[in-house]
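Residue numbers start from 1 in every chain, and the chains themselves are labelled A, B, ... in the order their sequence lines are given, proteins ahead of strands.
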Amino acid sequence: MVQIAKVIVDVPTMQTNNPYSYFVPTQIETDIQVGMRVVVPFGNGNRKIQGFVVALETKAEEKNPLKNIESLMDLEPVLNPELIQLSSWLADTTFAFQITCLLTMLPNVMRAKYTKQLKILDPEVSSESLAKILPEDEWKDFQPDQLTPKQQSELLKLRKKNQIEIIYKVKNQAHSKQVFQIKSQLSEEEEPKIMASLRKNAVKMRNLVHYLAFHQTAIKQVEIEKELKITAATIKNAEERGWLTRKKVEQYRDPYAMNKKLTLPLQLNSEQKVALDQVTKSIKDQQSRTFLLEGVTGSGKTEVYLQTIAYALAQNKTAIMLVPEIALTPQMVSRVKGRFGKQVAVLHSGLSDGEKYDEWRRIKRHEAQVVVGARSAIFAPIENVGVIIIDEEHETSYKQDDTPRYHARNVAQWRSEYHNCPLVLGSATPSLESRARSERNVYQLLRLPDRINGHPLPKVKIVDMREELQSGANQNFSDPLLAAIKNRLNLKQQSILMLNRRGYSSFIMCRDCGFVLKCPNCDISLTLHMDNHRMKCHYCGHEEPIPKQCPNCHSEKIRYYGTGTEKVEKELQAQFPEARILRMDVDTTRRKGSHERILQKFGQQQADILLGTQMIAKGLDFPNVTLVGVLNADTALELPDFRSSERTFQLLTQVSGRAGRADKLGEVFIQTFNPDHYAIQLAKSQNYENFFRKEMYIRHQEKYPPYYYTLQITAAHKEEKVAAQKMYTVLNELKPSLSPDAIVLGPTPKPIARVKNKYYYQIVIKYKNEPQLHEAVTKILQESQADYRLGIQLSIDSEPQSFM
DNA sequence: AGCACGCCGACT
DNA sequence: GTCGGCGTGCTC
């Protein structure tokens, strides 16, 4: 009998994207388990690499000459069967390698580090150029990428002549934090005798002995050092005399150490109750249903989540709750921890690798039953899931934009089916995809139409910037907005001002009539290309020169539109020299924790005005804020993206919800050059349902999601010609597999055609039902592996969040 | 990724 | 004639 392990090796290529078989040597036969990491020899040189055991089988004999597994890297599996299964599904649906999927599901420390070492075999060996690298006797680390090409080839030559040996080492990065724990070996009776033997002035030791005599329970060394104000030397001394013992214990790095009292569930209103009942029934009946919880800002969605989780816990089940990265603030975390205390594990990008690893292990060891985290927390190794919740489900950050390009919502759906548990998608402004599914009863719609405190939604005023500019006002601030800010300053109330600046805003707009240059074929705004001074459509490739005057009103004030937070801050300060302004954007929040610091400062009313980009729109709740101003609502609106109206509506609705959350009535000013645009008009009335109908109609007309699926294929190369050619070949290969109903856009260059000296070309396929597409694309990906060597990178994105 | 094999140009 | 360039195939 032989035991064979199927191993996914850590070589991210298409050709190695399947399990490799290895013999399990007898020494590890009883220890090896599916889901463990192993070190295996791979390739001609038998270099050592990391792999994941995805299956084990026992056979009578094996004809193929297999290699042996070198060693185990884990004492227990790091992957359970569910996650292994999930990884192959993920690899298949996102067109990624399975190894890449496995590594994304696990904490970073599971990724092996490889080191190379060399040793001299022939003492006669001599080399001038390598003198510094060659070791004297033992193995010595070296890094090939730090050697000159000459040295590299010389090294290889020496190895061929068997004068040196090179080995590869797999280093495990997963280390738990170890601390010393001490335990008293003294009894109360012994104390006087020992005290007598100590000098009078040995104060520290006397304190320690006294403590030990009366405290028999084990305690961490750092804690006792702090308590008795003693040093490690004293403890070591006591250990040598046998008064205490020390041992190393594992300690979790607890990033959110909290010892608050637990909060109690709040009283629910009738709609909340209905929603809660529906979901809990599904938990009880073990149904994998998806609910869409559509609730206006302030309608108490979070309380429904918390009570849903409480129900799952009461059923001895666990829960996952996803929150967008930027909303995962300490306030948010403490709200959940306040209800469930130590049962909560938090996973998000702000944690160090070690902290993430510890939280991950707490989940794996069933010490945490509730996982709260950003996108990747959907892969938490939690078992027996009772409910999965995705808050702000419309957020684009739930889609990962590099491989594996997964959407957390889809992974959640998969896991909900696996665990037969409900999935709750919550939002004030659901994505059109989700809302459309609830229309067809694929998802069950639950509504929370009222704010829990009964307060009306803030009054939204739209300011027509075309008029404002005509009356010669300031570029960024209209008179009504300035007056409102002044008023709040006098009243000592706070204001939030949002500058909507999504990346670069390279479109052209007329400052007199608000006209934006659009593509004649696609009804999408054209993008300004400064490299060749032309306007381009990124959907169909249409091109035209930059207009000198507005085609609509013939004004010459048609120009590039865009502005920065820093400039606005200066202007604002000049207008209100006495105002205390806080600026929050990528520049001021780059450093870790600065995000929280700014918000905290604002929350403590150390500033009058918070000026920032989109990041201030999410989930903040400051009771003293009664004014919200959106300086330029159009920037997002006119991006060349079919979702731009949806994004604008969502953003404006969300930011409006920031005003007047407590007992003071809020006011919102939206400055725009397109006051009549439906996304802005409907955001004014906060009418999601009307927006949904209108936008669905447009998507239907334009053949975009949710009526059509989309798939984006991109080629990148340092020469524009090569990237373009590749896309044409791909398209030709794909065509036979496509039905006549499929719509292909492109190939076209990407909006920023050159990034890091590489040119990007893409095609977008819009389709409804293409049974052969998946297979055809997989095949293209496999064949393109050969091109990878030539520097052509092909990437495939199913349901891209943006075509840019 | 990394190593071997194999087929063409400039050297002893 | 050979050393070495890197295009191509393969890794249990």
Return the minimal non-hydrogen interatomic distance between A/Arg375 and A/Ser397, and the atom names on each side. NH1-O, 2.8 Å
What are the two closest non-hydrogen atoms of A/Ser739 and A/Asn769, and how far apart are they? OG-O, 4.5 Å
Would you please say whether a donor-acceptor pair under 3.5 Å links the side chains of [X] and [Y]?
X	Y	answer
A/Gln3	A/Glu29	no
A/His407	A/Gln400	no
A/Asn108	A/Lys356	no
A/Glu325	A/Ser349	yes

For nucleotides 3-12 of chain B, just jot down a letter per nucleotide in 5' to 3' order: B, S or -, based on protein non-hydrogen atoms under 4.0 Å. SS--------
For [X] and [N], what is the distance between atoms [atom1] and [atom2] respectively, to the nearest whole Å?
X	N	atom1	atom2	answer
A/Asn17	C/dT11	CG	C1'	14 Å
A/Tyr788	B/dG2	OH	P	12 Å
A/Gln15	B/dA1	CD	P	11 Å
A/Phe142	B/dG2	CZ	C1'	12 Å
A/Tyr20	C/dC10	OH	P	11 Å
A/Asn46	C/dC10	CG	C1'	14 Å
A/Met14	C/dC10	CE	C1'	16 Å
A/Lys67	C/dC10	NZ	C1'	11 Å

Select base, sugar-phosphate, or nothing to describe what A/Phe42 touches, counting heavy atoms under 4.0 Å on all strands. base
Going by side-chain hydrogen bond (donor to acceptor under 3.5 Å, both in side chains), name the pairs with one or both residues in residues 772-785 of chain A, residues two or more places apart or in two chains.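 For residues 772-785 of chain A: A/Lys726-A/Ser784.
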Can you check whether A/Lys157 has a side-chain N or O nearer than 4.0 Å to OP1 or OP2 of C/dC3?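 No.
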Does A/Phe23 or A/Leu790 map to a spot on DNA chain C nearer the 5' end, using the closest nucleotide for each? A/Leu790
Nucleotide of C/dC12, B/dA1, C/dG4 approaching A/Thr13 most closely (side-chain heavy atoms):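 Among the listed nucleotides, the one closest to the side chain of A/Thr13 is B/dA1.
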